[in-house]
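Please read the structure below before turning to the comments.
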Amino acid sequence: MLILECPCCGVMADETELAPGGEAHLKRYGPGSSDEEFEGYLFHRVNPKGVHFERWRHANGCGKWFLAARCTNTLEVFATYSAQTPEPPQHVIDAIAARRPNWSIEA
Amino acid sequence: MRRYSAFAIAREAARYHQGWERAWASPEPKKSYDAIIVGAGGHGLATAFYLGKNFGITNVAVIEKGWLGGGNTGRNTTIIRSNYLQDASAAIYEKARGLYETMSQDLNYNVMFSPRGVIMLAQTHHEVRGYQRTAHANALQGVKTEFISPARVKEIVPIINLDGPRYPVLGGLWQARGGTARHDAVAWGYARACSDMGMDIIQKTEVTGVRKENGAVVGVETSRGFIGTKKLGIVVAGHSGVLADMAGFRLPIESVALQALVSEPIKPCMDCVVMANTVHGYMSQSDKGEMVIGGGADGYNNYTQRGSFHHIEETVRALVETFPMISRLKQLRQWGGIVDMTGDRSPILSKTPVEGVFINCGWGTGGFKAIPGSGWGFAELMARGYSPLTAEFGLNRFKEGRFIDESVAAGVAH
């Protein structure tokens with residue numbers, strides 16, 4: 001069973017406590033944006049086979065949103081971190097790089 | 001190709017079954033083909049079959065990373081139905097259901113199509129109204145379904161508990177011509193027919209890149225070298241995003257795990273398919289006697305072909321409420337497949353931003369039932385550039401807001 005540490009309350013939460021919220025760090029487009037930008041924001045997803053940044057909610061716990069870096073190919077969890085960040089912080093990137101030397105954030 | 005028949009069985013029985021030939025060849029890949037299909041699952045093989053049968057294009061290769069039919073084709077719960085709400089869905093699924101009826105004869109391969117009937121239970125008042133609406137829509141679409149009473153449900157499925165503790169059965173959407181088929185046989189039958197037409201089915205060969213020149217495809221890099229083509233069909237379900245990334249475009253798709261399980265085999269007790277979308281479970285009985293059970297998909301991205309245990313628990317708990325007699329059954333096997341989910345829960349059969357590259361994906365949790373219709377339409381799209389069956393399922397529908405919204409109509413279960 002997937003277990004994530006909630007960075008908001010510190011609880012190691014089973015996935016039955018958590019609600020998945022899809023891809024993280026999406027750029028939200030507003031009025032005046034093009035159709036392509038809206039389409040990308042609303043529908044296009046990276047859907048990688050490998051390192052994935054994603055949103056989770058500690059639904060049956062503290063109720064707060066947080067973000068996680070996880071491998072979709074092995075289910076390994078690299079790190080969880082605050083949702084109040086527009087891009088993965090350095091310590092998360094370091095944690096991933098330690099386990100996936102050939103990985104880069106552009107890929 | 002030697003035809004399979006009662007006479008052939010008698011002939012081979014008389015000579016110790018020495019004369020059966022291989023059902024399909026495993027040739028070395030040629031340097032180039034008129035068309036290449038990536039993915040030898042049901043949809044990919046059906047596409048190749050109809051390219052040959054309907055359009056005479058037989059210089060075709062079907063390239064498969066693993067073994068034929070080893071992905072979701074061999075992992076689904078084999079349900080066939082066409083009782084969808086939207087016209088575009090009803091058209092392609094009903095085309096598929098119709099083709100299933102004669103598939104064994106068309107392919108000279110017994111796919112064990114069993115039109116045993118499919119009931120979708122209505123267990124809330126919302127669902128009653130929803131399925132009544134679907135039944136009316138189906139009447140207009142020429143898809144024969146009817147909304148039936150709880151008493152009629154009980155008559156068709158004697159083992160059902162109508163007065164469930166949480167969700168009593170208030171009625172059901174009944175499609176008598178729906179049913180099941182042998183999933184492996186569908187892939188094997190198409191493979192045999194394709195091989196007979198001279199197509200190459202190349203297994204254990206992974207596509208590692210898509211080569212382009214001036215925005216058009218010229219071939220694919222594979223683990224066995226470069227293979228040229230000007231027409232490439234990507235039909236790889238859960239790995240669609242990976243192939244699209246190779247070709248250089250993005251898809252409105254996320255890949256998640258969907259699980260199924262079978263019980264130990266028991267004597268015949270249910271001769272139709274029952275789907276209970278409110279409580280997330282569906283069940284039928286295989287010819288071997290196993291209860292074949294499926295439920296909802298996991299909520300997070302996953303490529304591992306195994307899902308979360310608690311989903312199995314939820315599915316079984318729900319079905320035990322509906323069918324109390326299964327509470328003592330043991331689970332025999334459980335497995336997962338990677339399904340490609342779109343935002344509107346409808347598939348994508350489309351041209352792509354790369355000229356010559358076509359994609360057939362997004363069937364999500366319900367692709368098996370659509371295999372022949374999908375192959376029929378996608379082959380037409382690849383051969384002619386347009387198919388009335390697939391016209392509504394283009395990639396551009398997301399940008400244009402023309403969704404084929406089956407996520408509400410079909411619930412979770414496909």
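Since this is a predicted model, take the numbers as computed values, not measurements. Reminder, nothing fancy here: chain letters follow the sequence lines and each chain counts from 1.
- Of the two parts of Leu251(B), only the backbone, made up of N, CA, C and O, holds a non-hydrogen atom closer than 4.5 Å to a non-hydrogen atom of chain A.
- Ranked by heavy-atom pairs shorter than 4.5 Å toward chain A, the options Pro252(B), Ala257(B), Gly299(B), Ala244(B) are led by Pro252(B).
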Taking 3.5 Å as the threshold, show me the donor-acceptor pairs across chain A and chain B, one per line with distances to 0.1 Å.
from     : atom 1 : to        : atom 2 : distance (Å)
Glu15(A) : OE1    : Tyr300(B) : OH     : 3.4
Glu15(A) : OE1    : Ser308(B) : OG     : 2.6
Glu15(A) : OE1    : His310(B) : NE2    : 3.0
Glu15(A) : OE2    : Tyr300(B) : OH     : 3.3
Glu15(A) : OE2    : Ser308(B) : OG     : 3.1
Glu36(A) : OE2    : Lys399(B) : NZ     : 2.9
Arg45(A) : N      : Leu251(B) : O      : 3.4
Asn47(A) : O      : Tyr303(B) : OH     : 2.7
Asn47(A) : OD1    : Ser255(B) : N      : 3.0
Asn47(A) : OD1    : Asn301(B) : ND2    : 3.2
Asn47(A) : ND2    : Ile253(B) : O      : 3.4
Asn47(A) : ND2    : Ser255(B) : OG     : 3.0
Asn47(A) : ND2    : Tyr303(B) : OH     : 3.4
Lys49(A) : NZ     : His239(B) : NE2    : 2.7
Arg70(A) : NH2    : Asn301(B) : O      : 2.6
Thr72(A) : O      : Tyr303(B) : N      : 2.8

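- Of residues 89-99 of chain A, no residue lies under 4.5 Å from chain B by any heavy-atom pair.
- Contact annotation for Phe249(B): neither backbone nor side-chain heavy atoms come within less than 4.5 Å of a heavy atom of chain A.
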